[in-house]
Number of protein chains: 2
Amino acid sequence: MVEGAVVGGTPVSAAKSRIVSAATALFGEHGVGGTSLQMIADAIGVTKAAVYHQFKTKDEIVIAVAQAELARVAAVLDSAVAQPDPMAAREVLLSGMVDLAIARRHLESALTSDPVLNRFFAQHEPFLTLMDRLYLVLLGEDSPDARLSGAMLTAAIGGAVMHPMLQGLDDAALRAQLLRLARRFLGLPG
Amino acid sequence: MVEGAVVGGTPVSAAKSRIVSAATALFGEHGVGGTSLQMIADAIGVTKAAVYHQFKTKDEIVIAVAQAELARVAAVLDSAVAQPDPMAAREVLLSGMVDLAIARRHLESALTSDPVLNRFFAQHEPFLTLMDRLYLVLLGEDSPDARLSGAMLTAAIGGAVMHPMLQGLDDAALRAQLLRLARRFLGLPG
DNA sequence: GTCTATATAACGATAGAC
DNA sequence: GTCTATCGTTATATAGAC
């Protein structure tokens, strides 16, 4: 991430983004609750105090990590809606979501399953709006029905990549199968 | 790493099962990492020392809780394979899995997304065998393909019930929709 | 089986110097 | 922006009495 970059509408300093980057890796490996401020500080070679200078609380770091991940999803969604037709948009979105999930593996579900974060996002308007836009592209409609389908599919992709039974599967095979099954789930050809 | 408290068949003391029961509720509400031994002890009205008398470490409690949940899945699976034909078995299993996920809501995904637990079960033979049996009934075949489908479906059900966007949905509606989408996912009629 | 009491370590968080 | 030093709290875990 470049200095002066903007994520989620907030300008990000180099120090801040180093922290977010380290925290992202640690959350994926040890979970949110299993990651301490000390671990984050050690990972980037500074003291806890230096970390606290950038973020007042641990919760702020958790939120920042989650929002950075959300920004990745938003970027994929933006590139999808830029496609000439809804069919192509859906393909780009689906493919991008699978790629994201595989690239991050453990992280996504470590975040979405964190109780604190879960309650936060349940009332976080930008998140809810993003998901609505995403489901609209994915399913072609905005309805309670489409929302459940969308939630199930994203949960399925996120959960499958970290499932104990599939940890031996290589990325390429996982990607191909996830796409195939997601298409079947959506009732798409292919 | 950790040696679990014993699975089904082995008798469990009243004190042990009270701890497991309290821990189950707390893990579902605060996550595994967010639940301390003090919280568990307080919930059943004893001291930490009493808890430690039953379980040498916190990890042992986590494993015991997970295995108790696994036993519920195994019970559903057993009642499914007792059905007269594969079609009926699949229906019973699917219905039972959805019921379990809804009844426990947050718990299932709090457990399956815990990094420590995840690594434990990835090498836990009884778990892997149970999942293989489950996927066989669900999909009618045992193959890498079926495993991914099964993992995706279980992840989808577990993830959907705790998804931020679906927390307002009542149980009956959630159940009906989950069953409908699961059937579509499996390529079943209805 | 449960208690009181305690050991030891880590936690989140802050103050103030540089 | 980073440091040393520290606060107050909580964590896991143990020892020994009842």
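Positionally, the nearest nucleotide of DNA chain C for Ala14(B) lies more toward the 5' end than for the other of Thr57(A) and Ala14(B).
Contact record, Ala160(A) with Ala155(B): N-CB, 3.8 Å, taken as the closest heavy-atom pair. Of all heavy-atom pairs spanning Lys58(A) and Thr35(A), the tightest one is NZ-O, 2.7 Å. The shortest heavy-atom contact between Ala173(B) and Leu169(B) is CB-CG, 4.3 Å.
Within residues 19-30 of chain A, no residue approaches DNA chain C, by heavy-atom distance under 4.0 Å. Sorted by residue number, the members of residues 39-50 of chain A with any non-hydrogen atom under 4.0 Å from DNA chain C read Lys48(A), Ala49(A).
In this structure, the NZ atom of Lys56(A) is 9 Å from the P atom of dT14(C), given to the nearest Å. Note: NE2 (His53(A)) to C1' (dT2(D)) measures 8 Å, nearest angstrom. Here dA5(D) presents its P atom at 14 Å from CD of Gln38(A), a figure rounded to the nearest Å. What separates CG of Leu37(A) from P of dT9(D) is a distance of 18 Å, to the nearest Å. The interatomic distance linking Lys16(B) (NZ) with dT2(C) (P) rounds to 12 Å, in whole Å. Here the C1' atom of nucleotide dC7(D) and the OH atom of Tyr52(A) are 13 Å apart, to the nearest Å. Atom P of nucleotide dA11(D) and atom CG of Asp59(B) are separated by 16 Å, given to the nearest angstrom.
Between Arg133(B) and Asp142(B) there is no salt bridge, since none of the side-chain N atoms of the basic residue sits less than 4.0 Å from a carboxylate O of the acidic one.
Atom CG of Leu70(B) sits about 5.0 Å away from atom CG of Leu130(B), to the nearest 0.5 Å. Atom CG in Leu136(A) sits 8.5 Å away from atom CG in Leu139(A) (nearest 0.5 Å).
Look at Gln54(A) and you'll find a side-chain N or O under 4.0 angstrom from OP1 or OP2 of dG1(D). Regarding contacts with the backbone of dA11(D), a side-chain N or O of Ser36(B) is found under 4.0 angstrom from either OP1 or OP2.
Between Ile157(A) and Leu100(A), every side-chain heavy-atom pair lies at or beyond the 4.5 Å cut-off.
No single ILVMFWY cluster, assembled from side-chain heavy atoms under 4.5 Å apart, contains both Leu77(A) and Met87(A).
Crowding of Gln38(A) atom CD: a count of heavy atoms from other residues, nucleotides or ligands under 6.0 Å exceeding 12.
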